[in-house]
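All remarks here apply to the structure that follows.
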Amino acid sequence: MELRAKVPAGPIQDKWDRHKFDLKLVSPANKRKHHVVVVGSGLAGASAAATLAELGYKVSCFCFQDSPRRAHSIAAQGGINAAKNYQNDGDSIWRLFYDTVKGGDFRAREANVYRLAQISVDIIDQCTAQGVPFAREYGGLLANRSFGGTQVSRTFYARGQTGQQLLLGAYQALARQIALGQVTMYPRAEMLDVVVIEGKARGVVVRDLVTGAISGHVADAVVLATGGYSNVFFLSTNAKGCNVTATWRAHKHGALFANPCFTQIHPTCIPPSGHHQSKLTLMSESLRNDGRIWVPKQKDDKRPPAQIPEEGRDYFLERLYPSFGNLVPRDVASRRAKEVVDGGHGVGPLANGVYLDFRDAVGRLGRSGIVERYENLFEMYERITGEDAFSAPMRIYPAPHYTMGGLWVDYNLMTTVDGLYAIGEANFSDHGANRLGASALMQGLADGYFVLPYTIGDYLAQTKLETVGVNHTAFRDVEDQVTARVGKLLAVNGTRTVDEFHRELGTLMWDSCGMSRTADGLTDAIEQVRALRERFWREVRVVGSGEDFNQSLEKAGRVADFLEFAELMCEDALHREESCGCHFREEYQTPDGEARRDDTRFAYVAAWEYKAGQAPALHKERLEFEYVHLAQRSYK
Ligand SMILES: Cc1cc2nc3c(=O)[nH]c(=O)nc-3n(C[C@H](O)[C@H](O)[C@H](O)COP(=O)(O)OP(=O)(O)OC[C@H]3O[C@@H](n4cnc5c(N)ncnc54)[C@H](O)[C@@H]3O)c2cc1C
């Protein structure tokens with residue numbers, strides 16, 4: 001299989017404009033004849049479905065929640081980047097492009113990243129026009145704050161609820177099209193497979209989560225906007241329902257999976273409080289604008305933080321990275337936090353955290369200044385920990401949060417299956433080996449509002465599609481397979497709950513394929529994942545039936561897919577004999593503990609092909625860096 005990224009020729013700043021002109025158009029009369037399936041109604045899916053419908057296409061949109069408004073995107077707290085340079089602090093499209101390529105440790109495709117930076121400015125205009133209540137300066141201009149890995153303020157925000165406000169904007173646009181009959185919305189519907197006919201994606205098979213009915217849906221193109229797979233670690237900051245099922249099943253039909261081992265561990269989450277826990281909570285990175293991170297210099301120091309004098313505190317990020325301080329990128333901040341905790345300096349009842357301290361910021365801005373910026377985050381912290389972060393520092397620790405890996409897509413966001421697109425967190429594009437804060441919302445909305453609506457037209461305008469219906473044998477076959485798999489899960493009738501398996505998998509992945517990895521650990525993890533998968537299919541107990549609302553069954557299907565996917569993640573991490581961004585192989589580090597890349601051997605996207613019953617096949621998309629020169633990342 002040949003990977004063709006289809007990056008247009010010409011200077012990077014002209015590529016996208018030129019490409020848009022070269023793309024074939026579908027006339028308004030013909031758009032009405034095309035039907036597009038969009039799976040997912042988070043920021044990526046809702047923006048794509050609404051925009052495609054606004055253009056005149058007929059759209060069917062699916063999500064597993066009871067309403068599109070409950071997609072995981074609603075949880076996004078801190079903000080969305082755009083190179084508007086409202087602060088006049090030296091920002092530009094070039095700088096956002098540069099920061100993102102460098103932040104991703106040179107493992108992203110330059111042309112995509114440049115396009116993302118270009119489009120970022122349009123997103124803010126679009127969302128403001130929709131009425132998204134971004135924070136404003138006293139003079140009326142939109143306000144900005146800083147996020148990690150940059151030295152400018154380019155993050156637009158709506159308190160700590162940016163995702164919610166952006167999603168309401170996209171949802172309004174979607175709801176308008178639902179009311180007009182252009183979009184048919186299927187909530188509580190889980191896509192369990194894609195249907196590929198003669199090499200082209202022609203629809204999906206879906207299970208109604210309320211009735212259990214399994215049905216096929218025909219389309220001329222299919223868009224997966226199904227989010228990320230951080231829940232492979234069981235404990236993560238993601239919504240409990242986030243999963244890999246849609247992309248994994250597409251992978252089994254020929255869509256290559258890119259860089260699955262690139263998973264982001266976010267430095268500022270509330271540390272676990274015990275083994276009972278089933279979910280972790282993010283404390284937005286925006287807090288690092290004003291909070292200072294430290295640990296006691298003395299090991300096992302049990303004194304309350306207020307009793308530890310200034311000279312007894314190690315502000316380790318400020319000490320190690322004087323230029324960026326507490327705003328180093330996430331991979332760097334997480335690794336350093338792990339290092340100090342592993343070294344015996346952890347704080348809190350389980351000694352598993354570091355402090356994020358607002359004492360100085362309160363002194364500078366007053367309590368009201370902090371409340372204005374972060375009120376809901378302080379409130380959330382107090383509700384979860386019972387501690388008031390105004391009187392004592394917050395305790396934080398890294399946790400799984402975002403996945404840079406995803407389905408491989410070309411410049412048009414098409415996977416290796418014709419007519420099958422992946423957008424938002426579900427694809428691998430743009431963030432390389434480490435995503436900078438506030439860039440996921442930017443990418444999801446860039447894909448949904450501004451890229452896919454152009455590129456999908458090019459495919460539809462040029463592709464001859466035979467008329468098919470749900471009675472086509474391909475649909476029948478896939479429906480039968482989906483029905484059989486549901487039946488198989490119910491038939492195991494073992495003794496262990498789905499959650500027990502998920503928790504065991506998560507612990508294994510966190511220990512072996514989490515913040516740091518070794519060849520020995522990964523080799524062992526592959527064996528253990530295989531054994532766990534085998535036990536799952538022998539011992540899992542799924543209660544209830546397949547004919548009604550059954551969350552145990554839903555979870556079982558997702559965990560079964562995680563158990564297959566986890567093996568590929570470990571294979572990918574094992575084969576990449578370098579450290580880059582979030583992928584930290586202990587064998588490959590500089591003397592001062594930074595990631596040591598190997599550009600000669602690994603400056604490529606690793607795209608894996610599924611081979612039934614065999615080892616996956618690796619395909620490489622070589623990455624060329626023409627505009628941002630390959631260099632050791634430094635934030636000192
Ligand atoms: C706590 C938290 C805070 C964050 N804060 C920020 C931030 O401040 N700034 C930022 O840029 N990023 C942030 N992120 C990351 C960002 O929120 C996500 O990357 C982004 O929202 C993903 O959007 P999406 O549309 O790709 O996917 P999602 O919002 O996850 O939506 C996925 C959709 O797919 C549907 N779906 C999935 N599988 C199936 C299936 N099999 N069948 C049918 N439907 C399916 C779901 O129902 C859902 O509608 C944060 C992440 C977390 C966890």
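One-based numbering, in listed order, for ligands and for the atoms of each.
Contacts of Leu441 with ligand 1, taken as heavy-atom pairs under 4.0 Å, involve both backbone and side chain. Residue Ala46 does not touch ligand 1, judged by heavy-atom distances below 4.0 Å. Contacts of Ala225 with ligand 1, taken as heavy-atom pairs under 4.0 Å, involve the backbone alone. For Ala189, every heavy-atom contact with ligand 1 shorter than 4.0 Å involves the backbone, none the side chain.
Under 3.5 Å, the side chains of Asp91 and Asn85 contain no donor-acceptor pair of N or O atoms. In summary, the side chains of Thr155 and Asn144 do not present any donor paired with an acceptor at a separation below 3.5 Å, with no hydrogens or angles considered. Defined by atom type and a distance below 3.5 Å, a donor-acceptor pair is missing between the side-chain atoms of Thr245 and Glu190.
Using a 4.0 Å heavy-atom cutoff, Ser230 is absent from the residues neighbouring ligand 1. For Ala75, the closest heavy-atom approach to ligand 1 falls below 4.0 Å. Put simply, part of Asn238 is less than 4.0 Å from ligand 1, judged by heavy atoms. In this structure, Ile80 has no heavy atom closer than 4.0 Å to ligand 1. Within the structure, the closest approach of Arg188 to ligand 1 does not fall below 4.0 Å when heavy atoms are considered.
Considering OG1 of Thr150 and CZ of Phe324, their distance stands at 7.0 Å, rounded to 0.5 Å. Between Ser429 atom OG and Arg115 atom CZ the span is 7.5 Å, to the nearest 0.5 Å.
Residue Gly437 has no N or O atom closer than 3.5 Å to an N or O atom of ligand 1. Checked against a 3.5 angstrom limit, the closest N/O atoms of Ser41 and ligand 1 fall inside it. Considering backbone and side-chain atoms alike, Gly78 places an N or O below 3.5 Å from some N or O of ligand 1. For Glu425, a nitrogen or oxygen atom sits less than 3.5 Å from a nitrogen or oxygen atom of ligand 1, counting backbone and side chain alike.
Residue pairs meeting the ring-ring contact (aromatic ring centres under 6.0 Å, His included) criterion with at least one member in residues 211-235, sequence neighbours excluded: Phe62-His217, Tyr186-His217, Tyr229-Phe257, Tyr229-Phe565, Phe234-His502.
For atom 27 (O) of ligand 1, the closest heavy atom belonging to the protein is Gly227 CA, 3.4 Å. Scanning the protein for heavy atoms near atom 3 (C) of ligand 1, the closest one is Leu282 CD2, 3.3 Å. The shortest contact between atom 24 (P) of ligand 1 and any protein heavy atom is with Ser73 OG, 3.9 Å. Counting protein heavy atoms only, atom 45 (C) of ligand 1 is closest to Phe64 CD2, 3.5 Å. In terms of protein heavy-atom proximity, atom 48 (C) of ligand 1 is closest to Gln65 OE1, 3.7 Å. Of the protein's non-hydrogen atoms, Gly40 CA, 3.5 Å is the one closest to atom 35 (C) of ligand 1. At the top of the distance list for atom 25 (O) of ligand 1, counting protein heavy atoms only, stands Ala44 N, 2.9 Å.
Taking every heavy atom of Ala76 and a limit of under 4.0 angstrom, the matching atoms of ligand 1 come to 3 (C), 4 (C), 5 (N), 6 (C), 7 (C), 13 (C), 17 (O). For ligand 1, the atoms lying closer than 4.0 Å to a non-hydrogen atom of Thr237 are 1 (C), 53 (C). Under a 4.0 Å criterion applied to the non-hydrogen atoms of Phe62, ligand 1 contributes the atoms 44 (N). Annotation for ligand 1: atoms under 4.0 Å from non-hydrogen atoms of Tyr402 are 19 (O). Residue-ligand proximity, Val39 to ligand 1, at heavy-atom distances under 4.0 Å covers atoms 42 (N), 43 (C), 44 (N). Within ligand 1, the atoms closer than 4.0 Å to a non-hydrogen atom of Ser439 are 11 (O), numbered from 1 in the order shown. Atoms of ligand 1 found under 4.0 Å from any heavy atom of Gly424 (numbered from 1 in listed order, with element): 26 (O).
Considering all non-hydrogen atoms of both residues, Asp122 and Gln118 come closest at OD2-O, 4.3 Å. The two residues Ala239 and Asn231 have their closest heavy-atom pair at O-ND2, 2.8 Å. Contact detail for Pro272 and Asn352: the closest heavy-atom pair is O-ND2, 3.0 Å.
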Criterion side-chain contact (heavy atoms from CB on, under 4.5 Å) on Thr247 and Thr226, from CA distance to verdict: CA-CA 7 Å; Thr247 48; Thr226 48; 3.8 Å; yes
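At least one cation-pi condition fails for Arg207 and Phe64: the charged atom is not both under 6.0 angstrom from the six-membered ring centre and inside a 45 degree cone around its axis. Judged by a 6.0 Å distance limit and a 45° cone about the ring axis, Arg145 is positioned over the six-membered ring of Tyr157.
Considering Lys555, Lys279, Lys240 as possible partners of Asp499, the one that fulfils the salt bridge (Lys or Arg N to Asp or Glu O under 4.0 Å) test is Lys555.
Which of Glu190, His431, Met442, Arg435 comes nearest to atom 14 (N) of ligand 1 through a heavy atom is settled by distance: it is Arg435. The residue from Ala71, Ala440, Gly79 that puts a heavy atom closest to atom 9 (N) of ligand 1 is Gly79. Nearest residue to atom 50 (C) of ligand 1 from His72, His266, His401, Gln161 is His401 (criterion: closest heavy atom). Nearest-residue assignment for atom 41 (N) of ligand 1 (options Arg207, Met191, Arg558; heavy-atom criterion): Met191.
Salt bridge Asp220/Arg202: present, at least one basic N to carboxylate O contact under 4.0 Å.
Listed by chain and number, the residues in a side-chain contact (heavy atoms from CB on, under 4.5 Å) with Gln65 are Cys63, Arg70 (sequence neighbours excluded).
Counted within 6.0 Å of CD on Glu137, heavy atoms from surrounding residues, nucleotides or ligands total more than 12; the atom is thus considered enclosed. The neighbour count for Arg485 CZ, taken as heavy atoms of other residues, nucleotides or ligands under 6.0 Å away, is above 12.
Tyr610 and His253 have their aromatic ring centers separated by at least 6.0 angstrom.
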